Protein chains: 2
Amino acid sequence: MPTQTKENYLKAIYFLSQENIDVSITELSKKMNVSKPTANNMAKKMQEKGWLFYEKYKPVKLTIKGKRLGALIVRKHRLTEMFLSQVMSFGWEEVHDIAEEIEHINSNLFFDRMDEILGFPTLDPHGSPIPDKNGKVLKVNYLNLSTIKPGQKVRLCGLENSSKDLLLFLNKKKIKLGSVLSILHIEKFDNSFEILLENNSTILLTFDVCLSLLVEEL
Amino acid sequence: MPTQTKENYLKAIYFLSQENIDVSITELSKKMNVSKPTANNMAKKMQEKGWLFYEKYKPVKLTIKGKRLGALIVRKHRLTEMFLSQVMSFGWEEVHDIAEEIEHINSNLFFDRMDEILGFPTLDPHGSPIPDKNGKVLKVNYLNLSTIKPGQKVRLCGLENSSKDLLLFLNKKKIKLGSVLSILHIEKFDNSFEILLENNSTILLTFDVCLSLLVEEL
DNA sequence: TATATTTGTTAGATTAATCTAACTTATTAT
DNA sequence: ATAATAAGTTAGATTAATCTAACAAATATA
Ligand SMILES: [Mn+2]
Ligand SMILES: [Mn+2]
Ligand SMILES: [Mn+2]
Ligand SMILES: [Mn+2]
């Protein structure tokens, strides 16, 4: 029976592991906004639970069990986000904080029912994959908008980060998941993208924003 | 920002207060399944929060603030039960345990949305009133089935206790909220009730079960 | 009223999650 | 290779929530 706090640590390590299998105590402490001794102490406890490998002065690494458990929490998180968005009409910028709490609810029945009501979705409202009941994650293979050449037409499929600020910004620009973007021109000076939307309006996106958008070519 | 544990204590005191405004430490400790020192200690802490009056060797009593807060947690609990039952198709015997966790979610938006989707219900799936956003509770005035005379026809409107066992028993007997019951006969020997249901089947209910059923006369 | 029982409180300990200060080990730069 | 910096660890303290053992106060009973 993992506690809420430990579940959050597990998820943090799970995400940090995507970039690099090994996770340093310092990275973990930063992600969790706690002191290094706190992260260190927690790492030891999680080792005792069999969720990760811990050796003094070495980075930690999830065990198979830890990885699976982490994925299952992510599953609950993303199913919840999908439910909040599809069934309860929340905007994609509102769902994360609530899901951060609901992901800790202890009832498989509850999440299975969500899953069923949603028709067994594979992606969350931000385009991230929902791990299956065994913790297996579908590998999606999107392109980064920043790498697309002028003249190309793409569809927005996911986000590199789903920060509220980014989501609100995209709302304002009338860009949402599934939106079709035509790259008209890339400004040499600052690498900003001039983009034509479906509604025939033209918008400008900074290179930084383009780095956050995952697309597929049409 | 009340913690989950303290919210559960608050709710416990809130319910114990319905029967008797004053609540003893022993009652509280029993309801919460903790030792008396634990309950005592918690009572002191809740006093510091301004949720209750506490004086050594005296029973505790909720403050206005405590009563309101307690009612708001009950509101979240019952809205959740209603949502689980109406929107997510859970049986009335399945909703309590999940609601016991979800009631602690920290998002007014979440519960307001539930409320809206449900069409602002006033009763939960067990017939208990849902406190309003100010913590005000509608006073329902049902009769106890045990007090009804033979020949009378009544509608089931609520339950004195919503234990899972009772709910499963009622499921088996095909009795649900709104069911119409005609009292055919009361056995003098054991006070058992012979009852005719809408589907024309006749069932027998012990006096104890009748004590748990709240009805209105038709 | 005296005694027994119940109720409530104190004291002291434990576990989880956190902190700061001080120290050690490892890594990086000169 | 040494010194400086960064990363990781230990030690000791704190707060919330819990326990048991022992004691005190209130209530009930004979
Ligand atoms: Mn999220
Ligand atoms: Mn969380
Ligand atoms: Mn309930
Ligand atoms: Mn609860």
Side-chain angles (χ1 to χ4, degrees), chain A residues 1-14 16-17 19-62 66 69-70 73 100-101 103-106, chain B residues 1-14 16-17 19-62 66 69-70 73 100-101 103-106:
Chain A
M1 34 250 51
T3 157
Q4 190 146 328
T5 304
K6 287 208 179 66
E7 285 190 349
N8 285 333
Y9 276 91
L10 190 57
K11 201 153 57 94
I13 299 173
Y14 179 85
L16 291 170
S17 298
E19 292 145 37
N20 192 335
I21 322 114
D22 289 347
V23 175
S24 75
I25 295 292
T26 301
E27 277 180 287
L28 179 58
S29 75
K30 279 185 184 144
K31 184 92 164 191
M32 291 302 294
N33 285 304
V34 295
S35 69
K36 285 188 286 178
T38 298
N40 192 262
N41 177 60
M42 199 50 104
K44 287 178 181 175
K45 296 240 184 91
M46 292 169 81
Q47 178 197 36
E48 278 163 32
K49 296 219 175 265
W51 297 350
L52 49 78
F53 299 109
Y54 171 85
E55 271 181 284
K56 261 193 179 190
Y57 299 107
K58 294 233 185 90
V60 299
K61 189 168 171 289
L62 287 177
L69 251 178
I73 300 167
E100 200 56 52
E101 296 192 53
E103 68 189 357
H104 306 290
I105 300 292
N106 215 316
Chain B
M1 33 252 50
T3 155
Q4 191 146 327
T5 305
K6 287 208 180 65
E7 285 191 348
N8 285 332
Y9 276 92
L10 190 56
K11 202 154 54 93
I13 299 173
Y14 179 84
L16 291 171
S17 298
E19 291 146 38
N20 192 334
I21 323 115
D22 290 347
V23 176
S24 75
I25 295 293
T26 302
E27 278 180 287
L28 179 57
S29 75
K30 278 185 185 142
K31 184 90 163 193
M32 291 302 295
N33 284 303
V34 295
S35 69
K36 286 188 285 177
T38 298
N40 193 263
N41 176 61
M42 199 49 104
K44 287 178 180 176
K45 297 239 183 94
M46 291 169 81
Q47 178 198 36
E48 279 163 29
K49 296 218 174 266
W51 297 352
L52 49 77
F53 300 110
Y54 171 85
E55 273 181 284
K56 261 193 178 187
Y57 299 107
K58 294 234 185 89
V60 299
K61 188 169 171 288
L62 287 178
L69 252 177
I73 300 167
E100 200 56 52
E101 297 192 53
E103 68 189 357
H104 306 291
I105 299 293
N106 215 317

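Reckoned from all heavy atoms, side chains included, excluding hydrogens, waters and symmetry mates. These numbers were taken from a predicted model, which means no experiment stands behind them. Each chain gets a letter, A, B and so on, in the order the sequences are listed, and its residues count up from 1.
- Between Asp22(A) atom CG and dG8(D) atom C1' the separation is 15 Å, expressed in whole Å.
- Glu101(B) contributes a side-chain N or O that, together with a main-chain N or O of Asn106(A), makes up a donor-acceptor pair within less than 3.5 Å.
- To the nearest 0.5 Å, the span separating CH2 on Trp51(B) from CG on Leu62(B) amounts to 10.5 Å.
- One atom, CD of Glu27(A), and another, C1' of dA6(D), lie 14 Å apart when rounded to the nearest Å.
- Tyr9(A) is not listed as a side-chain neighbour of Thr3(A), based on a closest heavy-atom distance of 4.5 Å or more.
- Side chain of Val34(B), nearest nucleotide from dT10(C), dT18(D), dG8(C): dT18(D).
- dG8(D) atom P lies 14 Å from atom CD of Glu55(A), rounded to whole Å.
- Here Leu52(A) contributes atom CG and Lys44(A) contributes atom NZ; the two are 13.0 Å apart, rounded to the nearest 0.5 Å.
- In this structure, Tyr57(B) places its OH atom 6 Å from P of dT10(C), rounding to the nearest Å.
- Using a 4.0 Å heavy-atom criterion, one finds that Ser35(A) contacts the bases of the nucleic acid, with or without backbone contacts as well.
- Remark: the backbone N or O of Leu16(A) is not paired with any side-chain donor or acceptor of Glu19(A) at under 3.5 angstrom.
- Place Ile25(B) and Pro37(A) on DNA chain C by their nearest nucleotides, and Ile25(B) ends up nearer the 5' end.
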Close N/O contacts between protein and nucleotides 12-17 of chain D (under 3.5 Å):
residue : atom : partner : partner atom : Å
dA17(D) : OP1  : Thr3(B) : OG1          : 3.3
dA17(D) : OP2  : Lys6(B) : NZ           : 2.4

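- For Ser17(A) (side chain) and Ile13(A) (main-chain N/O), a donor-acceptor pair under 3.5 Å exists by modelled atom type.
- Note that the CG atom of Leu28(A) and the CE atom of Met42(A) stand 9.0 Å from one another [nearest 0.5 Å].
- No donor-acceptor distance shorter than 3.5 angstrom exists from the side chain of Gln47(A) to the backbone of Phe53(A), with no hydrogens or angles considered.
- Classification of Lys11(A) and Glu100(A) as a salt-bridged pair holds, one side-chain N sitting under 4.0 Å from a carboxylate O.
- The side chain of Ser24(A) sits closest to dG8(D) out of dC19(D), dT20(C), dG8(D).
- We find that NZ of Lys58(A) is positioned 18 Å from P of dA7(D), with the value rounded to whole Å.
- Between Lys56(B) and dA24(D), a side-chain N or O to OP1/OP2 separation shorter than 4.0 Å is absent.
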Would you tabulate the nitrogen or oxygen pairs shorter than 3.5 Å linking the protein to nucleotides 2-4 of chain C?
none

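- Rounded to an integer number of Å, the gap from Leu28(B) CG to dT18(D) P is 11 Å.
- For the OP1/OP2 pair of dG8(C) and a distance below 4.0 Å, the side-chain nitrogens and oxygens of Lys44(B) include no atom meeting the criterion.
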